Amino acid sequence: MKVRTRFAPSPTGYLHIGGARTALFCWLYARKMGGTFILRVEDTDRERSTQASVDAILEGMDWLGLDYDEGPIYQTDRFNRYKEIVQQLLDEGHAYHCYCSKDELENLRNEQRAAKIKPRYDRRCLGKDSPHEGAESVIRFRNPQEGSVVFEDQVRGRIEISNSELDDLIIARTDGTPTYNLTVVVDDIDMDITHVIRGDDHINNTPRQINIFRALGKQPPLYSHVPMILGDDGKRLSKRHGAVGVMQYRDDGYLPDAVVNYLVRLGWSHGDQELFTREEMIALFALEDINKAPSAFNTEKLQWLNQQYIKEQDAEDVAKHLQWHFDHQGIDVSNGPALTEVIDALKERAKTLDELTVSARYFYEDFTVYNAKADKKQFKQGVDAILAALLTKLEVVEEWSIKPVYAAIMAVCDELELKLGKVGPPLRLAVTGTAMSPSLDVTLVLIGRERSLTRIQKAITYIQAKN
RNA sequence: GUCCCCAUCGUCUAGUGGUUAGGACAUCGCCCUUUCACGGCGGUAACCGGGGUUCAAGUCCCCGUGGGGACGCCA
């Protein structure tokens, strides 16, 4: 049987990190098994579903490179099908109308809670015919009362829940629209889903859904419930609490491959391996290797991973993503060195593309102020003479490339009998405005001859005026 | 409250009855070094508690404790 998995988000917000990981696992498993990965949008809650959320989810999937073979399929397009099934359930006695008002149900729940028992619908409408024609009603699934539901979770093992814990859930609202537990089952059947991989907040829904499968005479898929992701502080991630959308990671300067690598290692592992190409992930992924315990999101490790990717990934590739940040920060790239050169120069000093962009600014734009601390430390009286000597030597460098530029700097050191430690820092500050940069030869070459010389001259003037 | 799930360094994890409990991030120290980094070497650091089972338990069982989830005309 060919494997078919699905990722089924509800469009009530952006694609957050937990959802992204679930999507990744579904994708990975389908790819590994040579199966089909389906994207299904669970938008039956018309109150809260928005097009903006749908777009955000699609954008997130795309950015992460999680391509789907079928979909997006929208549940709102399938209402007729759900109605059909609800009617079938009704006809076969697996469902019934319930005329209780929301208030009535609320009261029932309160009473039950007060009596310290689990709130459950008491079937007061079962077997009741319409008390008054035209009265509003919902439709409830008639859950078995005896026995229990047992399923073999692919990551947790055997899970058994007694039917006495379950009640008759609503499968169709007053307005006739279907609810989650019904639509999931109908879709999983119609789409021939073989493996359901989802968050473990759905464990409790699973037995209800299995009962619906049975009532429909269908075989339920295999379930894998993956644990939640906690925040940096160990608390549960939620929209109110640190759960940012995946696109925020793009904005913050992370490479999608790094995010995917980080995500896959959160709850899944293959021995001691930390770095995985997509091919490796696909080849090595296994549901049994998913961890049972929830894991905390650790930004520092993501940063490390991101730097690994910035360093190791093809510069051309990184440049595409870096370009976005330059555009975003309004830096004109045509006004300086090629992005790939900047990447090679800075990749060992940036954990994010965002950082890299900020520290690459002086390659493209002139700065107006020097870093205050460095200014105080380096631009002391007499340093103008060092810079003047550098200027003299650099002006006559024939080929503005690393070796000659380096030679010129060293020549000044010899001439003034100073160590590079005395000459370098002021030069660096003069041309970059900061106390840190790649090595000076590389930095000067990337900044360019004319711009470098002008900046040195400017620094000389500045120091003289200051002291 | 009831039911379900979970539990190894601060964090991500390896570990499937016998290990000096391994790796990675972070952290600390040293080395490299024109700055900042990268890198290299080394260190600190964990089996939630209590009972069993067993010659032997991080690993199996039970009970606590702690955390999470569910109990919606949300998904």
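Here the structure is a predicted model, which is why all the values come from computation and not from measurement. Chain A is the first sequence line, chain B the second, and so forth, proteins listed ahead of strands; every chain is numbered from 1.
Comparing A:Leu440 and A:Cys100 by the nucleotide of RNA chain B whose heavy atom lies nearest to each, the residue mapping closer to the 5' end is A:Leu440. Closest-nucleotide positions on RNA chain B for A:Leu105 and A:Glu160 were compared, and the one nearer the 5' end corresponds to A:Glu160.
The P atoms of B:rG50 and B:rG42 are separated by 35 Å, rounded to the nearest whole Å. Look at the P atom in both B:rG18 and B:rU2: the space between them is 38 Å, to the nearest Å. Taking the P atom of each, B:rG22 and B:rU44 are spaced 11 Å apart, rounded to whole Å. Atom C1' of B:rG23 sits at a distance of 7 Å from the matching atom of B:rA14, rounded to the whole Å. Between the P atoms of B:rG39 and B:rA26, the separation comes to 9 Å (whole Å). Straight-line distance between the P atoms of B:rC31 and B:rC36: roughly 14 Å, to the nearest whole Å. Using C1' as the reference atom, B:rU53 and B:rA57 are 10 Å apart when rounded to the nearest Å. Remark: the separation of the C1' atoms in B:rC73 and B:rC12 is 41 Å, to the nearest Å.
The distance between atom CD of A:Glu288 and atom P of B:rU13, rounded to the nearest whole Å, is 17 Å.
Considering only the side chain of A:Asp201, B:rG69 comes nearest among B:rC73, B:rG69, B:rU11. Residue A:Ile159 has its side chain nearest to B:rC4 when only B:rC25, B:rC4, B:rG1 are considered. Side-chain atoms of A:Lys118 lie closest to B:rC71 of the nucleotides B:rU11, B:rA75, B:rC71. Of all nucleotides listed (B:rG23, B:rA70, B:rU13), B:rG23 comes nearest to the side chain of A:Glu274. Side-chain proximity of A:Arg265 to B:rU35, B:rC38, B:rU13: nearest is B:rU13. Comparing B:rC71, B:rG39, B:rC73 by their closest approach to the side chain of A:Arg208 singles out B:rC71. Closest to the A:Lys301 side chain, of the nucleotides B:rG72, B:rA24, B:rC3, is B:rA24. Distance from the side chain of A:Ala296 is smallest to B:rC12 among B:rU2, B:rC12, B:rC4. Of the candidate nucleotides B:rA75, B:rC36, B:rG72, B:rG72 has the atom lying nearest to any side-chain atom of A:Arg113. Among the nucleotides B:rC73, B:rU35, B:rU2, the one closest to the side chain of A:Val138 is B:rC73.
At least one side-chain heavy atom of A:Asn261 sits less than 4.5 Å from a side-chain heavy atom of A:Tyr309. Residues A:Lys458 and A:Leu453 have side chains not in contact (no heavy-atom distance under 4.5 Å, counting atoms from C-beta outward).
At a threshold of 4.0 angstrom between heavy atoms, the contacts of A:Ala435 include nucleobase atoms, whether or not backbone atoms are also involved. Residue A:Ser437 is classed as a base contact, given a heavy-atom separation below 4.0 Å to a base. Contact annotation for A:Lys422: no contact, since no heavy-atom pair falls under 4.0 Å across all strands. As judged by a 4.0 angstrom heavy-atom cut-off over every strand, A:Lys116 is placed among residues touching the sugar-phosphate backbone only. Using a 4.0 Å heavy-atom cutoff across all strands shown, A:Thr179 reaches sugar-phosphate atoms only and no base atom. Across all strands, A:His202 comes closer than 4.0 Å to base atoms (heavy-atom distances). Residue contacts for A:Arg109: at a heavy-atom cut-off of 4.0 Å it reaches the sugar-phosphate backbone alone, with no base atom in range.
A donor-acceptor contact closer than 3.5 angstrom links the side chains of A:Gln145 and A:Arg123.
Nucleotide B:rU59 forms no Watson-Crick or G-U wobble pair with any nucleotide shown, as no partner meets the under 3.5 Å limit on both distances. When Watson-Crick and G-U wobble pairs are counted only if both distances are under 3.5 Å, B:rA7 pairs with B:rU65. Base pairing of B:rU35: no nucleotide in any strand meets the Watson-Crick or G-U wobble criterion (both distances under 3.5 Å). Base pairing of B:rG42 is made with B:rC28, judged by Watson-Crick or G-U wobble geometry with both donor-acceptor distances under 3.5 Å. With both pairing distances under 3.5 Å, B:rU53 is matched to nothing as a Watson-Crick or G-U wobble pair. Across all strands shown, B:rU2 pairs with B:rA70; the Watson-Crick or G-U wobble distances both stay below 3.5 Å.
Anti is the classification of B:rC6, since its glycosidic angle lies more than 90° from 0.
Here the options are A:Asp201, A:Asp200, A:Asn205, the test is side-chain contact (heavy atoms from CB on, under 4.5 Å), and the partner is A:Ile203; only A:Asp200 passes. Only one option out of A:Val149, A:Asn181, A:Leu169, A:Val185 pairs with A:Asn211 in a side-chain contact (heavy atoms from CB on, under 4.5 Å); it is A:Val149. Among A:Trp268, A:Tyr249, A:Phe276, A:Phe297, the single residue meeting the ring pair (Phe, Tyr, Trp, His ring centres under 6.0 Å) criterion with A:Tyr262 is A:Phe297.
For residues 37-46 of chain A, proximity to RNA chain B is found at A:Glu42, A:Thr44, A:Asp45, defined as any non-hydrogen atom under 4.0 angstrom from a strand atom.
Between A:Arg158 and A:Glu160 there is a salt bridge, since a side-chain N of the basic residue sits under 4.0 Å from a carboxylate O of the acidic one.
Counting only residues at least two apart or in different chains, salt bridge (charged side-chain N to carboxylate O under 4.0 Å, His left out) contacts with residues 288-301 of chain A comprise A:Glu274-A:Lys301.
The ring of A:Trp27 has its center no closer than 6.0 angstrom to the ring center of A:Phe7. No close placement of the A:Phe141 and A:Tyr96 rings is indicated, their centers lying 6.0 Å or farther apart.
Contact annotation: side chain of A:Arg428 to base of B:rU34, donor-acceptor pair present below 3.5 Å. Judged by distance alone with a 3.5 Å cut-off, a donor-acceptor contact links the side chain of A:Asp272 to the base of B:rG22. Between the side chain of A:Gln112 and the base of B:rG1 there is no donor-acceptor pair of N/O atoms closer than 3.5 Å. In the interface, the side chain of A:Arg349 is paired with the base of B:rC36 through a donor and an acceptor atom under 3.5 Å apart. At a cut-off of 3.5 angstrom, the base of B:rC73 holds at least one donor-acceptor pair with the side chain of A:Thr174.
Of all heavy-atom pairs spanning A:Thr352 and A:Asp252, the tightest one is CB-O, 3.5 Å.
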